[in-house]
Number of protein chains: 2
Amino acid sequence: MNIYDVSKKAGVSIATVSRVLNGNPNVSEKTRARVHAVMNELGYTPNVFARGLGLGSIKTIGIMCSDSSDPYLAHAIYYLERELRVNGYDSILCCTGNSLETKQQYFNLLRSKKVDAIILAGSKFIEPKVKDNTYIIDGAQEIPIMLVNGYLEGDNIYSTVCDDRMAVHKATGQLIASGCRKIVYLYTSNSFSGTNKMKGYRDALTGHGLPVRPEYIHQCEKNVICARDLLLELAKDGLVFDAVMTSDDTLAVGAIKYAHMQDLKIPDDLSIVGYNNSTYAICTDPELTSIDSKVEALCTATINTLMGVFNGVNVPSRTTIAADLIKRATTKF
Amino acid sequence: MNIYDVSKKAGVSIATVSRVLNGNPNVSEKTRARVHAVMNELGYTPNVFARGLGLGSIKTIGIMCSDSSDPYLAHAIYYLERELRVNGYDSILCCTGNSLETKQQYFNLLRSKKVDAIILAGSKFIEPKVKDNTYIIDGAQEIPIMLVNGYLEGDNIYSTVCDDRMAVHKATGQLIASGCRKIVYLYTSNSFSGTNKMKGYRDALTGHGLPVRPEYIHQCEKNVICARDLLLELAKDGLVFDAVMTSDDTLAVGAIKYAHMQDLKIPDDLSIVGYNNSTYAICTDPELTSIDSKVEALCTATINTLMGVFNGVNVPSRTTIAADLIKRATTKF
DNA sequence: TTGTACGCGTTATCAG
DNA sequence: CTGATAACGCGTACAA
């Protein structure tokens, strides 16, 4: 079942069938209708490989993420895929894990599949060592590379990021305004997004004339139990704190569990702020005040930019989106 | 940069290059080494389209899921993708939503992309009307169709399911054994998996000589707040119950919130059982007793079966995997 | 408006 | 063990 079968049955040449297929206007209504009829009758679909062979493109975008089961990334994938589909593109998903080596492997795999662009979803793809990012910069010489919540400077590389610094800055400021003075900061990673959040926390303290104390800043696995146990440990070691600012809802849930175990009243004895406004935020008692990082807007903007790139429109190499603070019951504000 | 460039530079024919590429043994060590050297030097990668054109296959599997942001499906995608990769296959992901029409569209889209198989992840793909599933049965005439936690009879269709009936049956039995007599059943959908869970609940009651009362069985959106409010409503209407069995952790979290609002002691006044053993289960206080539906095992088995199909091994058309009951603090057992 | 003929890069089948 | 050559199905100059 190919274009020849259709052309034979419709009594036209393959060129005409191809024209009908691709909406070329230089076909009479009559033959167009006849060809369409035959295509339907035969249930014909053009062969993507043959098409790709000639054109070198296949309207498919590669999406890389470190872990699709992470709620944030899972949503990102969902929105990216949806927006691509709307624009007539398919997507190939790769879950890379966190090692640089596998990331490079998947990146090359996608390039070998001749995808039209690669989207790096999440801030885990940019390495601190410049050299470790050259594979991305090299790849960008052939196809556009889109970063969702990550930033890398380079030709044909486009970043869409959430203003994490500002978001944490604002939330920390409100904690302070509501009377908190000893704010623990819990974070999971030193990624682009991670360092920005941290900066927001530090700047807010400094801005309010409060000291930034290293003993209040702790890294922690993205895991409820780890966060709970870490706080338990800190309290046992005599650290006094009246609020916990986190880089992820998971850690904030851990903080709530900690408060329950210590019989602390939330938010009076302990205020807690999460990040991502995930479904976890409404699973807890009390429900979690959390920063909405606007995944959907981020993903939509990413795809819009990408389509702009494809259409030769002049698009910004960096787009920043503001986060929202969703106030619930774990803060006094 | 193609096979001709390599052949020229290596001083052999393209046929030989192709043989080297595909590990054909009929090449002398010497020329093999030379060709490999040239390929590395030129950084040559074979063109997937040309390969696909000739072979009609591209070692890519289509994965369909209704919503990749659902935690259960997100995990399923992760495991499926990983297992496929291990076996040298890539995957194209489609998030279909829930309407039959879009499901069919995506299904056909994947077929037009010439994927080697389609995996339908989750139990939302099999429609109650036989006619609505014919598109799947038709597709199976060309490529194997794999169902993850769904069942459809047909040639070249393979199902891997979790024994949901047994799991709920057992958990309900334990609720009864621990003294519960009035067990509300909350469920989200009437899918294959959904009806089996329900059957487990009913059979357990019947098996213990308890009546199955429709006023104890309620459908509910997969949403914490909906579940909480539904129970609030039921209690207000005078329904008396001492346990809530659910088809999803989300609903169970809602039940915990309900208990908190009513100042009920868990599990003494109210026992609660979730389903899927998701991360929600450890977000709550008290932590949730939940049924582990073994997504990873399900996905591994699915891909193993699929590889068996590709290799012409005689594989079962249906594989059933037993669930685990994870006991935490919302039940007396 | 329509048709012919060629190129895209690979694999597979022969013949040597 | 190696090479020449015919598919594979489509898009598209170019010719009519």
Side-chain angles (χ1 to χ4, degrees), chain A residues 1-39 42-60 88 90 109 111-116 142-143, chain B residues 1-39 42-60 88 90 108-109 111-116 142-143 310:
Chain A
M1 160 64 57
N2 57 28
I3 202 169
Y4 291 96
D5 299 329
V6 178
S7 77
K8 219 172 287 173
K9 188 139 189 168
V12 297
S13 75
I14 62 157
T16 301
V17 177
S18 178
R19 278 189 274 263
V20 171
L21 218 47
N22 297 292
N24 185 314
N26 296 328
V27 184
S28 75
E29 252 339 296
K30 217 169 158 179
T31 49
R32 181 185 303 281
R34 190 164 69 251
V35 171
H36 267 138
V38 173
M39 292 201 302
L42 266 53
Y44 164 76
T45 18
N47 182 308
V48 273
F49 300 138
R51 177 175 270 168
L53 225 204
L55 265 41
S57 150
I58 197 191
K59 289 220 143 203
T60 299
D90 299 316
L109 182 110
R111 286 183 58 192
S112 79
K113 293 262 171 191
K114 307 283 181 190
V115 294
D116 300 303
E142 292 186 16
I143 51 172
Chain B
M1 162 62 57
N2 56 30
I3 203 169
Y4 290 96
D5 300 328
V6 177
S7 78
K8 222 173 287 172
K9 187 138 191 170
V12 296
S13 75
I14 60 159
T16 301
V17 178
S18 179
R19 276 189 276 261
V20 171
L21 218 47
N22 296 290
N24 185 314
N26 297 329
V27 185
S28 75
E29 250 341 292
K30 218 169 160 179
T31 50
R32 180 185 304 280
R34 190 165 69 251
V35 171
H36 266 137
V38 173
M39 293 201 300
L42 267 53
Y44 163 77
T45 18
N47 182 306
V48 273
F49 301 138
R51 178 173 270 168
L53 226 206
L55 263 42
S57 149
I58 197 192
K59 289 218 143 203
T60 299
D90 299 316
N108 290 329
L109 182 111
R111 285 184 57 191
S112 80
K113 292 264 171 190
K114 306 284 182 191
V115 295
D116 300 302
E142 292 186 17
I143 51 172
F310 286 151

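Naming convention: chains lettered A, B, ... in sequence-line order (proteins, then strands); numbering from 1 in each chain. Note that the structure is a prediction, hence the values are computed from the model and not measured.
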Which nucleotide in the list [options] gets nearest to the side chain of [X]?
X        : options                  : value
Asn47(B) : dC10(D), dT10(C), dT2(C) : dT10(C)
Asn2(A)  : dT11(C), dT1(C), dC10(D) : dC10(D)
Ile3(A)  : dG11(D), dG9(C), dT13(C) : dG11(D)
Arg51(A) : dG9(C), dT1(C), dG11(D)  : dG11(D)
Ala15(B) : dG3(D), dT10(C), dT11(C) : dG3(D)
Leu53(B) : dT10(C), dC8(D), dT2(C)  : dC8(D)

Examine [N]: is either OP1 or OP2 under 4.0 Å from a nitrogen or oxygen in the side chain of [X]? Give yes or no.
X        : N       : value
Asn26(B) : dT2(D)  : no
Tyr44(B) : dT10(C) : yes
Thr31(A) : dT1(C)  : no
Asn22(A) : dG11(D) : yes
Ser18(B) : dT10(C) : no

Using atom types as modelled and distance alone, determine if a side-chain donor or acceptor of [X] lies under 3.5 Å from a backbone N or O of [Y].
X        : Y        : value
Ser18(B) : Thr16(B) : no
Asn22(A) : Arg19(A) : no
Asn47(B) : Phe49(B) : yes

When Ser13(B) and Met1(A) are each assigned the nearest nucleotide of DNA chain D, the 5'-most assignment goes to Ser13(B)
Between Val115(B) and Ile143(B), is any pair of side-chain heavy atoms under 4.5 Å apart?
-> yes
Within-4.5 Å side-chain heavy-atom neighbours: Lys8(A) and Val38(A) | no
Just how far, in rounded Å, is [atom2] of [N] from [atom1] of [X]?
X        : N       : atom1 : atom2 : result
Phe49(A) : dT11(C) : CZ    : P     : 13 Å
Tyr4(A)  : dC10(D) : OH    : P     : 8 Å
Lys30(B) : dC1(D)  : NZ    : P     : 13 Å
Met39(A) : dG9(D)  : CE    : P     : 17 Å
Ile14(B) : dA12(C) : CD1   : C1'   : 11 Å
Ile58(B) : dT10(C) : CD1   : P     : 13 Å
Arg19(A) : dT12(D) : CZ    : P     : 11 Å
Glu29(B) : dC1(D)  : CD    : P     : 9 Å

Counting any heavy atom closer than 4.0 Å, what does Val48(B) reach on the DNA or RNA strands: base, sugar-phosphate only, or nothing?
-> nothing
Tell me what Val17(A) touches on the nucleic acid: a base, only sugar-phosphate, or nothing, going by heavy atoms under 4.0 Å.
-> nothing
Does Asp90(A) pair with Lys113(B) as a salt bridge, N-O distance under 4.0 Å?
-> yes
Hey, which sits more toward the 5' end of DNA chain C by its nearest nucleotide, Leu55(B) or Arg32(A)?
-> Arg32(A)
